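Accompanying notes for the structure given below.
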Number of protein chains: 2
Amino acid sequence: MTVTIYDVAREAKVSMATVSRVLNGNPNVKPETRKKVKDVIDRLNYRPNAVARGLASKKTTTVGVIIPDISDLYYSALARGLEDIAEMYNYQIIITNTDQDPKKERNAFLNLVSKQVDGIIFLGGKLNSDVLQDIETSRVPVVICGSGEEDNDIPNVNINYYEAAKEVAGKLIADGTKNICFVTAGYSRYQESRMISGMKEAYEEAGFNGDDYLMTEDAGDYEKGKEIFGKLLDNERDAVIVISDEAAIGILHGGHEHGVAMPQRLQIISCSNTRLVTMVRPKISSVAVPLYDLGAVGMRLLTKLMNEEEVDTTSVELPYSIDYRTTTR
Amino acid sequence: MTVTIYDVAREAKVSMATVSRVLNGNPNVKPETRKKVKDVIDRLNYRPNAVARGLASKKTTTVGVIIPDISDLYYSALARGLEDIAEMYNYQIIITNTDQDPKKERNAFLNLVSKQVDGIIFLGGKLNSDVLQDIETSRVPVVICGSGEEDNDIPNVNINYYEAAKEVAGKLIADGTKNICFVTAGYSRYQESRMISGMKEAYEEAGFNGDDYLMTEDAGDYEKGKEIFGKLLDNERDAVIVISDEAAIGILHGGHEHGVAMPQRLQIISCSNTRLVTMVRPKISSVAVPLYDLGAVGMRLLTKLMNEEEVDTTSVELPYSIDYRTTTR
DNA sequence: ATGAAAGCGCTAACAT
DNA sequence: ATGTTAGCGCTTTCAT
């Protein structure tokens with residue numbers, strides 16, 4: 001019924017090995033033989049069974065992607081970058097959503113390993129010790145993208161969130177706005193704590209103690225952003241640095257509803273840089289994180305790891321810039 | 001090195017067949033034997049090789065998803081719904097982006113088939129005859145989600161875009177605004193032509209000839225939406241029905257820049273219903289397409305198809321509603 | 001309830 | 001340059 005390599009071999013009057021060779025571009029095949037085999041392949045409309053191939057070769061040309069939520073613009077931008085590069089190198093990707101749930105994360109990892117993926121990419125996520133342990137024992141190449149995790153020895157690609165936060169806060173402080181609220185989203189605790197350190201450093205350099213001024217709130221989506229607006233007012237904040245773009249928009253609209261002038265009374269800078277920030281009015285100032293590139297570079301790194309090529313750094317840091325738009329003075 | 005079913009069998013002093021049985025929940029295993037085997041599995045930390053399993057059983061518990069662009073909010077919402085259900089039924093999903101390119105689409109399909117996926121879901125896309133042919137010959141269950149394709153006999157799930165367009169246009173016309181522009185996005189020509197039919201029917205029912213009033217423009221993203229705003233003005237449009245939410249926002253902002261009052265001078269209704277429509281001001285009226293459900297129901301349908309269960313309809317139509325917000329009068 | 005053995009469709013030595 | 005053959009790690013008859 002389904003045509004196999006054996007059928008092709010028989011029809012072409014060669015051995016399976018030869019068919020396999022032309023399939024895999026092995027140069028040790030006489031051109032005429034190659035042509036003969038190719039003709040039969042076309043005639044029979046033969047398509048190699050990738051599963052059998054995977055079992056025999058121990059390579060599946062598929063990589064797993066573990067992602068908090070594909071419908072989040074931040075992650076889907078990363079995913080797109082990553083898939084484009086994967087396609088370029090002839091890898092397919094299996095995507096699993098975890099909603100940051102450690103159980104789901106571990107499950108996803110184990111599933112992928114049992115599917116014999118050649119490599120795994122983590123986007124965001126917290127990587128609890130269970131998974132860390134699994135990574136260790138499974139010996140699958142893993143890279144972490146855009147989560148700010150750089151404390152362990154797993155290859156990763158990020159921007160320098162510490163510096164970004166420091167720069168943003170520094171600019172704000174220099175302009176005299178010291179009552180900053182950092183609005184976290186729970187994407188990555190590690191990244192967020194790095195950013196807090198950066199901000200405190202900015203205070204320090206300006207001669208202030210960050211603890212006297214900086215406060216923290218949590219809001220990961222639009223509704224939550226609107227919700228916390230009151231608190232920002234109550235605490236006399238005059239600037240927010242917010243991880244989630246959607247939360248930033250929520251805050252923006254919360255401000256509209258309260259009749260608060262922005263950026264005069266409250267400045268907003270977001271940190272995810274999805275295309276949302278330029279699709280609202282006023283346009284939101286943001287840290288220009290190269291989302292697509294983060295994914296693309298991560299996948300490129302993974303291809304090298306899977307090929308056992310030498311890599312100079314397993315911790316790559318992409319440049320970022322800061323786009324001051326209309327929610328900052 | 002890697003522990004196989006054979007190792008488990010040896011350690012548990014049973015045959016591979018028995019181990020396989022406990023692995024697959026076959027009831028024909030004495031409880032004590034089952035326990036013994038399970039203990040060894042835990043002790044050795046054995047994980048079945050899904051590739052070998054796939055080769056032997058001809059089932060891979062993975063389904064392919066062919067999608068125009070995962071970073072498009074519309075598709076990623078569908079994808080999320082679909083993946084949630086897939087996870088529920090223990091399927092993994094391989095995602096491929098095609099940018100609506102027929103070549104890429106065909107390639108993706110062929111790749112998935114060679115990976116022996118148990119089923120394939122198409123989101124959007126045009127399904128040219130090549131692919132249609134491949135679907136025919138490969139005999140893989142396929143379902144199409146949210147693309148409005150219902151002209152062929154491939155199982156699909158959609159809303160009734162014809163009715164939705166008719167309803168929206170009808171309301172507009174009844175209110176006296178007849179100069180409508182339908183802004184397409186090229187997502188699905190078929191869906192768009194169905195919608196045009198619906199709109200014309202609405203004119204008809206109101207006693208007008210749609211051809212005298214209806215015009216069409218194309219804009220699939222924010223920038224394009226802003227760009228075409230001039231044309232809308234030049235053609236004295238007083239309402240737009242637009243496929244892409246981002247284009248709708250572009251038009252909205254184009255209006256702001258031209259100082260055009262909305263909805264007084266121009267009404268906007270979008271048709272994708274991503275969460276963007278409520279994240280801009282004014283909020284955009286839209287056809288409330290149940291994106292997540294479209295994906296979820298599609299995947300559920302596919303699981304039935306893969307199980308060779310009886311399905312009553314292979315063409316399911318989900319209900320929709322229309323949310324009149326602030327860009328309509 | 002359990003075991004033996006024949007594949008699943010391919011790759012990769014090893015021979016020639 | 002080509003063929004032979006032994007797996008890859010599992011499922012699945014078929015016996016018992």
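Naming convention: chains lettered A, B, ... in sequence-line order (proteins, then strands); numbering from 1 in each chain. Everything numeric here is computed off the predicted structure, so don't read it as measured data.
Look at NZ on A:K59: it is 19 Å from P on C:dC10, rounded to the nearest Å. When the C1' atom of D:dT4 is taken as reference, atom NZ of A:K13 falls 20 Å away, rounded to whole Å. Computed from coordinates, the A:N28 CG to C:dA15 P distance equals 17 Å when rounded to whole Å.
Donor-acceptor pairing under 3.5 Å is recorded for the side chains of B:N158 and B:N156. Side chains of A:Q92 and B:K115: a donor on one and an acceptor on the other come within 3.5 Å.
Between A:Y187 and A:Y75, the distance from one ring center to the other falls under 6.0 angstrom.
Phosphate proximity of C:dT2 to B:S15: absent, as no side-chain N or O sits under 4.0 Å from OP1 or OP2.
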Between protein and nucleotides 6-16 of chain D, map the contacts as a letter string: B base, S sugar-phosphate only, - none, heavy atoms under 4.0 Å, written 5' to 3'. -BBBBBB----
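Partners of B:T274 by side-chain contact (heavy atoms from CB on, under 4.5 Å), not counting sequence neighbours, listed by chain and number: B:L73, B:Y74, B:D245, B:S272, B:L276, B:L291. Applying the side chain to side chain donor-acceptor pair (under 3.5 Å) rule to A:D130 yields no partners; only residues at least two apart in sequence or on another chain are considered. Applying the side chain to side chain donor-acceptor pair (under 3.5 Å) criterion to B:E83, with sequence neighbours excluded, gives no partner residue.
Note on the helix from C:dA1-D:dT16 to C:dT16-D:dA1: angle between the axes of the first and last five pairs equals 30°, rounded to 10 degrees.
Closest heavy-atom contact between B:V117 and B:I94: CG1-CD1, 4.4 Å.
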Show me the side-chain donor-acceptor pairs of residues 301-308 of chain A shorter than 3.5 Å, one per line, residues at least two apart or across chains.
residue, atom, partner, partner atom, Å
A:T303, OG1, A:R300, O, 2.5
A:T303, OG1, A:R300, NH1, 2.5
A:N307, ND2, A:E309, OE2, 3.4

